[in-house]
Structure formats: C-alpha cells, structure tokens
Amino acid sequence: MKIEKALRSAFTPPEPRNKDKFIDSMRYPKLSYSEFVLSQICYIRKRVWLFSAAVLLVAISAVYVIPQNEMYIVWVASALIPFLALMTATEISRSDIFGMSEIEAGCRYSLPQLIGARMIILGVCNFTVISAIVVIFGFFSPLGIMKAALYILTPYMTVNGISLLVLDKVIGLEGVYISVAATIGVSLAGVFIFGRVPFDMRFVNALCTVLCAGGVIMTVIQIEKIMSGRNECYGIKN
Amino acid sequence: MNDLAGIYDKIYRYCFYKVRNSVAAEDITQETFLKFFGQQSKIRRGEDMAYLYTIAKNLCVDYFRRKQTLELTDDYPVEDFTEQSDIKAAVRNALEKLDERRREIIALRYIGGLSVNETAFAAGISRFAVYRLERVALKELKKLMEGVL
C-alpha cells in the first residue's frame with residue numbers, strides 16, 4: 001500500500017450523526033439557474049469561442065474585401081456557417097461522443113440540465129454571431145436583411161438538424177466523422193450554389209426556404225427527442 | 001446539496017483528526033459552516049475552501065484551550081488487529097512523530113483533501129513551500145514506516 005493511500009484510509013472517522021439534519025436546516029443562498037448556466041461557460045471548449053469569433057471576423061472583412069457582388073459575400077458565409085453549426089452540435093453531444101454521459105448524470109447536476117445549459121450558452125453565442133452577420137450583410141450589401149437571413153440561416157439550420165440527428169443515432173467518434181462529412185457537403189453545396197455557377201435565384205430562394213424550414217423542424221425534433229429521452233432515462237419528469 | 005455534504009464530510013474528517021472525538025468534531029464542523037456563512041454568501045472552490053479549513057483549525061485550537069488537555073479519546077471505531085488495522089495504527093503513530101508544520105501539511109492535503117493551492121492558502125505559505133514540506137514529510141513517513149508498508 002502506498003503511503004498516500006495509507007494516509008487517506010488511516011483517518012476514517014465514525015459516520016457523522018447530524019449531517020443531513022444540519023445541512024437541511026442550514027440557511028444558505030442556493031445557486032440560481034442563471035448562475036448555474038453562467039458557471040457552464042468555462043466548460044465549453046475554447047475552440048468554439050475562437051471559431052465563432054473567427055466566423056464573425058471573416059464575415060465582417062468579407063464585406064470590405066470582396067467586391068460588391070452579393071453572391072460572393074453569401075458564398076463566404078455559406079462556406080463557414082455550417083462549421084459553426086457543427087461545433088455547436090458536437091459540443092452539445094460531447095458527453096455521448098466521449099462516453100461520459102453516465103458519469104455526468106451521476107454528478108451534482110443531471111445530464112439534461114447540463115445539456116440544457118450548454119444549449120442556452122451556445123444558442124446565445126450563435127444567435128449573436130449570426131444576427132451580427134445578417135445585419136452586416138443586410139446593411140452593407142445589396143442583399144437586404146430578409147435574404148441575408150435566409151441565405152445564412154439555411155446552411156446553419158441544415159447542418160444543425162443533420163448533425164444532431166447523426167450524433168443521436170451514431171454514438172462515438174463515428175458520429176462526428178459523419179457530421180463533419182455532412183457539414184463539408186453542405187458547405188460545398190453552398191459554395192456551388194452561391195459561387196460562380198449561375199442559378200435561377202427564385203429556385204435558390206425556394207430551395208433555401210424549404211431547407212431552412214426542414215432544418216428548423218429537424219433541430220427542434222432532435223433537441224426534444226434528446227432531452228425527453230434523457231429525462232426518461234434519468235428519471236426526470238418533463 | 002451534494003457539494004455541501006461532500007465539504008461537510010471533509011471538514012468533519014479534518015476536525016476528527018484534530019480533536020479525536022466524533023461529537024466534538026461534528027460540533028466544530030457545524031460551527032465552521034455557521035461562521036463561514038455568517039461572513040460569506042457561498043462556497044466557491046479555491047480560497048473559500050481553504051478559508052473553511054482555517055476556521056475549522058482555529059475552532060479546534062479553541063476546543064483544546066477550553067479543554068486544557070490533549071488526551072485522546074477512544075472514539076475511533078473498534079478495529080480488529082488485522083494487517084490493515086496495524087497499518088492504520090502505524091500510519092497514525094508515524095504521523096504523530098512528524099514536526100507540527102509537516103504534520104499540518106499532510107493533514108490538510110491527505111486527510112482534509114485540499115489541493116496544493118488551497119493548502120498554501122490555509123497554511124499561509126507559498127505553493128513551493130507546500131510542495132517542499134509535503135515531499136519531505138512523505139519521505140520521513142516512508143522512512144518511519146519501513147517494513148510496515
């Protein structure tokens with residue numbers, strides 16, 4: 001037996017008699033939900049914040065650098081935004097990817113609570129980045145707010161929906177690889193559509209509307225499924 | 001609150017090591033929390049944990065001042081003389097032979113479960129001094145327990 005281990009085991013006191021009673025009766029300020037959510041910020045990987053900042057910077061610089069061709073600006077956003085969605089989806093599913101969901105569920109906060117907090121943080125972060133890009137593109141390019149929002153939200157919501165579906169169905173790193181492949185596919189499709197190939201813009205708008213709506217529906221279904229499935233699994237009432 | 005229960009156990013364990021009486025240790029543990037929450041709003045990791053131990057340590061000193069004796073009680077659970085029990089007794093005896101400062105560092109680190117940072121804050125010394133004292137104390141303990149472990 002190592003000395004460190006021996007030291008830890010040599011001083012085992014008798015069970016405290018009034019611990020539960022004392023803790024139950026003690027008045028101390030409990031952690032509020034907003035404090036709990038804020039406390040989770042430091043557990044989100046730095047690469048997520050860095051990538052979000054990079055996407056925003058590239059989008060801002062695109063407005064100034066790229067000639068005033070509206071489709072070129074969307075081309076840049078279409079190439080980058082899917083990866084922002086991928087980062088979010090993999091961050092939300094991190095516990096499953098690394099097989100840590102059971103351990104996290106046994107800790108102080110349940111896994112659904114942690115995932116909910118992460119979704120709120122990442123949702124606010126992505127909403128800020130996307131809103132900023134939409135506003136910048138809407139005002140500084142001839143696109144207008146509505147079209148900019150549609151073209152930027154479409155790849156984001158599509159990748160979100162696909163990645164959450166894949167990460168829910170395929171456990172582990174394989175799920176991440178499939179999601180990355182899907183992200184690259186959506187990114188390339190965006191580049192192809194908004195790049196140099198001339199498409200009928202009415203067709204593009206209709207396609208984007210359908211894809212965006214589909215992505216939103218799929219994302220909502222997946223989030224609801226993940227949360228309710230986990231709640232059921234860990235005995236938490238909805 | 002699981003966190004609070006865990007911290008309670010650690011403080012209680014440390015107090016029991018100090019006073020060797022479960023009732024007194026539990027009283028001191030509870031008084032530690034009451035004093036802490038009288039001054040602070042919540043326990044965060046880091047310095048706050050060390051602050052809790054500082055309060056507990058001072059209360060243990062007060063306990064001995066009141067009692068005016070260091071006599072040990074037989075409050076440990078009854079143990080059979082198995083090899084494991086011999087080892088435990090040997091560890092306790094060896095620890096008693098260390099000088100007070102080293103013993104305190106070992107108590108904070110291994111009985112109290114504090115990190116190096118927290119130990120440094122609780123003992124009022126630098127992290128480097130904690131590392132050095134801990135290394136020397138462990139080496140001395142190993143020497144004292146040669147043939148037992």
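By convention in this document, chain letters (A, B, ...) are assigned in the order of the sequence lines, proteins followed by strands, and residues within each chain are numbered from 1.
- Residues satisfying the salt bridge (Lys or Arg N to Asp or Glu O under 4.0 Å) test with K18(B), not counting sequence neighbours, are E104(B).
- The number of heavy-atom neighbours closer than 6.0 Å to CD of E96(B), taken from other residues, nucleotides and ligands shown, is above 12.
- Separating the CG atom in D27(B) from the CZ atom in F22(A) is a distance of 10.0 Å, to the nearest 0.5 Å.
- Taking all atoms of both residues into account, the shortest heavy-atom contact from D9(B) to P16(A) is OD1-CG, 4.1 Å.
- Only the side chain of E26(B) comes within less than 4.5 Å of a heavy atom in chain A; its backbone stays farther off.
- Taking CD of E4(A) as the start and CZ of R109(B) as the end, the distance is 9.5 Å to the nearest 0.5 Å.
- Other residues, nucleotides and ligands contribute over 12 non-hydrogen atoms within 6.0 Å of the CZ atom of R45(A).
- Not counting sequence neighbours, R127(B) has no partner by the salt bridge (Lys or Arg N to Asp or Glu O under 4.0 Å) test.
- Side-chain contact between S22(B) and E15(A): absent, with no pair of heavy atoms (C-beta onward) separated by less than 4.5 Å.
- Atom CE of residue M145(B) and atom CG of residue L7(A) lie 7.5 Å apart, to the nearest 0.5 angstrom.
- Heavy-atom distances place the side chain of Y8(B), and not its backbone, under 4.5 Å from chain A.
- Between the Y12(B) side chain and the P14(A) main chain, a donor and an acceptor come within less than 3.5 Å of each other.
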